[in-house]
Protein chains: 2
Amino acid sequence: MHLRIEFSYNFAIMNNNDLEQLLQDHGIKATANRLIILKALMNSSRPITMQDLTDEIESIDKSNVFRTLSTFREHGLVHVIEACDEGVMYELYRSDSNGPHNDIHPHFHCVVCHKVFCLKGVTVPKLNYPEGFDILEGSFLVNGICPECKA
Amino acid sequence: MHLRIEFSYNFAIMNNNDLEQLLQDHGIKATANRLIILKALMNSSRPITMQDLTDEIESIDKSNVFRTLSTFREHGLVHVIEACDEGVMYELYRSDSNGPHNDIHPHFHCVVCHKVFCLKGVTVPKLNYPEGFDILEGSFLVNGICPECKA
DNA sequence: ATCATTCTGCAACCGGATTGCAAACTCAAG
DNA sequence: CTTGAGTTTGCAATCCGGTTGCAGAATGAT
Ligand SMILES: [Mn+2]
Ligand SMILES: [Mn+2]
Ligand SMILES: [Zn+2]
Ligand SMILES: [Zn+2]
């Protein structure tokens, strides 16, 4: 179990070597499969399920997708979103070129199309918690209807 | 599917008749099993899982616990918390004697003892969401270490 | 008492998550 | 280039919480 390391990547223009480097930076040995899965995660603007990944990547067995995602989590490369009926969804930790920062952001779950969107612009203010509770991380999920489904 | 109705109950001093009334007020027929399950929910200060309930109440089959909880949800008596690895947890909507109010509150998930606590005192401020997203309801879950497990 | 409706326990089912295991692969040492 | 230890992978089996089908029990109105 790694502590999350902050590098400054420009996620928009990553070639294969950059991806290998990204894995190495997190202490993960680069393999063909892991690069494929990493690319798929990187290409998705929204959190995705293991199911999504196994469907999209027909060449890799679901057990390997599962173990790869576990590895990525252990090494602080991805984290999970619990999205109600959608089950657990995965997304990359992204620190964009504006420099390292935690990219905690709320997520929006559309009850119609079941997609989960990242609300990157919405900042959650610090809350004051009761004494004695040590906070590690928070997650905020809102349910509703997305713009596409409303129209 | 009911709209949630707000009554003013004093949850601290409810006898059997009060519980039957609570069910009736939500359009749920009172049965022996339902009263047992309702009591168990009421006695818990924290959200609990279906597993917790079936373990605690050995006289009722898990299928009935499941269907009862579904009924309670449909009628706006309980709601669910998605708590990471703990799965879905149930808690009563509580409007205490201070009068009707929504009792939306954040929840704290202890990664050590796996309990989920209600952070009743912590109010989540209104966030401003992007255009086009219609918000129905939000849930806030923080992970960390609880006072007991820290000691 | 009768009958329609609802509730209940039991057992079976389900689907996603997880694991066991042997083959394939990697890579450093000889 | 071989060898062998350690790692990764696919496949099949398993697990397990949630869910459902169904027949008998309970309910409640006529
Ligand atoms: Mn996100
Ligand atoms: Mn609560
Ligand atoms: Zn939608
Ligand atoms: Zn704890």
Side-chain angles (χ1 to χ4, degrees), chain A residues 1-2 16 19-20 23-24 26-41 47-75 77-91 109 114 116, chain B residues 1-2 16 19-20 23-24 26-41 47-75 77-91 109 114 116:
Chain A
M1 180 67 93
H2 256 228
N16 240 36
L19 295 179
E20 290 185 22
L23 289 179
Q24 271 188 36
H26 288 81
I28 304 167
K29 197 191 293 183
T31 71
N33 280 348
R34 285 171 180 169
L35 287 170
I36 292 173
I37 293 172
L38 176 57
K39 256 179 227 168
L41 286 167
I48 54 182
T49 64
M50 202 177 97
Q51 188 68 42
D52 293 334
L53 282 171
T54 51
D55 288 350
E56 179 180 337
I57 311 169
E58 73 288 346
S59 66
I60 305 180
D61 186 77
K62 71 170 177 173
S63 67
N64 191 19
V65 172
F66 172 74
R67 285 191 266 234
T68 298
L69 288 172
S70 300
T71 300
F72 286 2
R73 284 183 68 182
E74 288 165 8
H75 291 259
L77 183 54
V78 307
H79 66 133
V80 302
I81 314 292
E82 296 281 333
C84 304
D85 43 325
E86 313 313 324
V88 32
M89 311 188 85
Y90 298 83
E91 77 174 342
H109 168 235
H114 302 287
V116 172
Chain B
M1 181 66 94
H2 254 229
N16 240 37
L19 295 179
E20 290 185 23
L23 290 179
Q24 272 189 36
H26 288 82
I28 303 167
K29 196 193 295 183
T31 72
N33 281 348
R34 287 172 180 168
L35 286 171
I36 292 173
I37 294 172
L38 176 57
K39 258 180 227 168
L41 287 167
I48 53 181
T49 65
M50 203 177 97
Q51 189 68 41
D52 294 333
L53 283 170
T54 52
D55 288 350
E56 179 179 337
I57 311 169
E58 71 288 346
S59 66
I60 304 180
D61 187 77
K62 70 168 179 172
S63 66
N64 191 21
V65 172
F66 171 75
R67 286 190 266 236
T68 297
L69 288 172
S70 301
T71 299
F72 285 3
R73 284 184 67 183
E74 287 165 9
H75 291 258
L77 182 55
V78 306
H79 67 130
V80 302
I81 315 291
E82 296 281 333
C84 304
D85 43 324
E86 312 315 321
V88 33
M89 310 188 85
Y90 298 82
E91 77 174 344
H109 168 234
H114 303 286
V116 172

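Every chain is numbered from 1 and lettered A, B, ... according to where its sequence line falls, protein lines coming before strand lines. None of the values given here were measured: they were computed from a predicted structure.
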Could you tell me whether the side chains of B:Asn33 and B:Thr31 share a donor-acceptor contact shorter than 3.5 Å?
-> no
Grab the N/O contacts between the protein and nucleotides 17-20 of chain C below 3.5 Å, and write none if there aren't any.
unit_1	atom_1	unit_2	atom_2	d
C:dG20	O6	A:Arg67	NH2	3.0

Atom-to-atom span, CG of B:Leu38 to P of C:dC7 - whole angstrom | 15 Å
Flag side-chain contact, heavy atom, 4.5 Å: B:Ile28 against B:Phe72 = yes
Can you list the residues that meet the side-chain hydrogen bond (donor to acceptor under 3.5 Å, both in side chains) rule with A:Thr71, with sequence neighbours excluded?
-> none
Just how far, in rounded Å, is P of C:dG16 from CE of A:Met89?
-> 14 Å
Please report the closest heavy-atom contact between A:Gly27 and A:His75, naming both atoms and the distance.
-> O-CE1, 3.3 Å
Base, sugar-phosphate, or nothing for B:Ser59, non-hydrogen atoms under 4.0 angstrom?
-> sugar-phosphate
side-chain hydrogen bond (donor to acceptor under 3.5 Å, both in side chains) involving B:Glu56 - partner list, sequence neighbours excluded = none
Between C:dC25 atom P and A:Arg34 atom CZ, what is the distance in whole Å?
-> 16 Å
Donor-acceptor pair, A:Arg73 side chain versus A:Val80 backbone, under 3.5 Å?
-> no
Counterpart residues, side-chain hydrogen bond (donor to acceptor under 3.5 Å, both in side chains), relative to B:Thr54 (two or more places apart) | none
Contact boundaries on DNA chain D for chain A, cut-off under 4.0 Å to non-hydrogen atoms = D:dT7 to D:dC11
Of B:Thr49 and B:Lys29, the one whose closest DNA chain D nucleotide lies more 5' | B:Thr49
Would you please name every residue forming a side-chain hydrogen bond (donor to acceptor under 3.5 Å, both in side chains) with A:Lys39, sequence neighbours left out?
-> A:Asn16
